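Written out below as structure tokens is the structure these notes cover.
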Amino acid sequence: MEIDRPDGRSPNQLRPLACSHSVLHRAHGSATWAQGETKVLAAVYGPKAGTKKNENPEKASIEVIWKPNTGHVGQADREYEMILKKTLESICIRTIYPNTTTSVIVQVVHDDGALLPCAINAACAALVDAGIPLRHLAVAICCSVTDNNSIILDPSKKEEEKSKAFAYLVFPNTTVSVVPEKSSQVGNDPMAHGIITSVTHGAMSVDDYLHCLERGRATTQRLSEFLRKNIAPKSTREASKAG
Amino acid sequence: MEQRYANCWRLTVNEKKFIESSLLSELRVDGRGSLEYRKLSIKFGKDNGSAEVQLGETRVMSFVSAELVQPYKDRPNEGTLSIFTEFSPMADPSFEPGRPGESAVELGRIIDRGLRESRAIDTESLCVLSAKLVWAIRIDIHILDNAGNLVDAANIAALASLSTFRRSECSLGGEDGQQVVVHPPEVREPLPLIIHHLPVAVTFGFFSNENLVVLDPTYHEEAVMTGSMTVTLNANGDVCAIQKPGRQGIFQRVIMHCLKLAHVKAADITTKIIDAVEKHNIQREVQKVKRHSNCFTD
């Protein structure tokens with residue numbers, strides 16, 4: 001079934017990606033991530049001494065602050081903070097610096113669909129820029145189910161509003177040495193399987209959801225290549241941030 | 001110079017003494033002259049009314065939005081202008097999220113006074129239906145990177161975003177002429193705000209030696225300086241606001257000297273803002289033409 005997307009993309013095609021790191025001078029790590037017109041700036045400070053009251057002091061904790069571009073912080077922003085916090089907690093090695101807080105601040109620059117995946121990618125790049133110890137990287141993607149039950153990747157805001165349902169999926173991005181039997185290989189290196197986070201909006205059938213997972217999984221190869229290429233330091237002369 | 005721990009952000013005594021003594025020999029740590037501004041770059045976002053300003057390493061973003069509200073009872077024919085400043089924790093490890101601190105409130109008030117009292121934005125043209133509906137313009141200023149002199153950078157960002165903001169056109173309709181119809185931007189071209197003049201803020205820093213005056217202090221110079229003054233004026237030389245919040249006393253002749261300097265700098269910055277806005281408008285027109293030609297070739 002041929003899908004007609006307003007900007008002429010094929011159903012599996014992502015919008016042009018752009019990423020830059022070390023954009024801010026005061027922050028310990030920072031990165032911008034843009035998917036098409038959606039642009040997010042993430043900054044990381046840390047680790048700072050001490051944890052908040054409700055946090056476990058035996059582990060490092062992550063604090064996420066989400067800043068929308070206009071208006072006051074609302075319920076949706078608080079939900080994004082919570083999802084980001086849980087996702088980033090699962091990729092950080094929390095046992096290295098116990099009783100510390102790492103702050104991740106996310107600023108929305110422009111929202112044109114797939115905002116949360118863009119923010120997760122930006123936050124991951126910023127954490128790498130700050131040198132926070134991570135277990136593995138994470139790549140996030142948005143898949144939506146259109147009215148005629150076809151799956152499109154990385155929808156724009158208009159496509160998101162028209163779709164029947166959409167899902168934000170976050171996959172781990174690490175190579176494994178032992179590959180379980182019968183697992184499909186994505187790209188050249190055997191990659192870890194599993195989903196870190198899945199947030200869905202709207203009702204979709206189980207088959208549609210599983211298709212979304214497959215399509216998303218297949219695209220993570222491209223996204224993770226892009227992420228790894230961009231977070232590598234530009235030259236060996238670049239001094240570390242802590243200096 | 002900064003430690004890894006985000007809590008330890010104070011300057012050491014050695015660093016403070018170094019900055020002070022080099023200023024006595026007319027040297028600034030970043031090599032500028034004492035009355036020189038850092039490099040200013042103004043960029044615009046995709047939306048109308050979003051601007052990002054970089055003054056040296058200080059980075060500020062500004063967004064302008066508008067909605068229809070009821071006017072204040074004592075001003076039924078005027079629209080409203082409100083400024084919200086967000087000292088984002090990403091700018092400085094000492095900024096706490098939540099309620100704005102006193103420096104955030106002070107910054108918001110300085111920009112507010114410069115725009116509102118001097119009537120830089122024409123609020124009467126924002127009236128749609130007298131005593132019932134007016135446009136409320138909201139400016140959100142986000143500080144992204146604090147490297148000193150946030151007031152000047154935030155002011156330039158606010159002016160740049162106001163200059164490129166477009167509000168939807170609305171017309172009166174209905175049987176009694178009382179119903180307001182807001183036309184979406186696809187139907188009718190949105191209108192710019194009427195801006196009479198651009199009030200630019202210029203900040204000076206004073207030190208323990210009376211003859212030392214520094215323009216556009218960096219973050220480290222701000223920690224060392226003993227007094228500051230922010231003058232908001234426009235290219236015509238009209239002083240819109242002066243903010244000198246206590247601290248060290250300054251001779252009158254120094255203040256007059258600063259005002260004259262500020263006039264020259266304000267004219268310079270005004271031309272930079274106008275040039276950047278012009279370039280952006282031309283680019284936007286060119287983009288519109290391209291889109292139409294695509295329609296025809298399909």
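Residue numbering restarts at 1 for every chain, and letters A, B, ... go by the order of the sequence lines. The analysis underlying the following values was restricted to heavy atoms, covering all of them including side chains, and did not include hydrogens, waters or symmetry mates. Since the model is a prediction, treat every value here as computed from it, not as a measurement.
Between A:Y80 and A:W66, the ring-plane angle classifies as tilted under the 30° and 60° cut-offs.
Remark: A:K162 does not engage A:D147 in a salt bridge, criterion side-chain N to carboxylate O under 4.0 Å. With salt bridges taken as basic N to acidic carboxylate O contacts below 4.0 Å, none links B:E102 and B:R109. Using a cut-off of 4.0 Å between Lys/Arg side-chain N and Asp/Glu carboxylate O, A:R15 and A:D112 are scored as salt-bridged. A salt bridge is absent between B:R38 and B:D30; no separation between the charged side-chain nitrogens and carboxylate oxygens falls under 4.0 Å.
Contact residues of residues 135-144 of chain B toward chain A are B:R138, B:D140, B:H142, B:L144 (heavy-atom distance under 4.5 Å). Residues of residues 152-166 of chain B lying under 4.5 angstrom from chain A, judged on non-hydrogen atoms, do not exist.
Using a 4.5 Å cut-off between heavy atoms, A:Q107 contacts chain B through both its backbone and its side chain. Contacts between B:S88 and chain A at a heavy-atom distance below 4.5 Å involve backbone atoms as well as side-chain atoms. For A:S103, no part lies under 4.5 angstrom from a heavy atom of chain B. Proximity to chain B is absent for every atom of A:V104, based on heavy atoms less than 4.5 angstrom apart.
Listed for the A:R135 side chain is no donor-acceptor partner under 3.5 Å among the backbone atoms of A:I93.
For the residue pair A:N230 and A:H21, no side-chain donor N or O sits within less than 3.5 Å of a side-chain acceptor on the partner. The closest side-chain donor-acceptor pair between B:D145 and B:T58, if any, does not fall under 3.5 angstrom. In summary, the side chains of B:S94 and B:D92 do present a donor paired with an acceptor at a separation below 3.5 Å, with no hydrogens or angles considered.
Of all the listed residues (A:N69, A:I65, A:V73), the one sharing the greatest number of non-hydrogen pairs under 4.5 Å with chain B is A:N69. For the set B:P89, B:G45, B:P97, the entry with the most heavy-atom pairs within less than 4.5 Å of chain A is B:P89.
Counting only residues at least two apart or on different chains, the salt bridge (charged side-chain N to carboxylate O under 4.0 Å, His left out) pairs with a member in residues 56-73 of chain A are A:K52-A:E63, A:K67-B:E86. Residue pairs meeting the salt bridge (charged side-chain N to carboxylate O under 4.0 Å, His left out) criterion with at least one partner in residues 81-100 of chain A, sequence neighbours excluded, are A:E55-A:K85, A:R78-A:E81, A:K85-A:E89, A:E89-A:R94.
Shown here is A:E161, whose CD atom has more than 12 heavy atoms of other residues, nucleotides or ligands within 6.0 Å.
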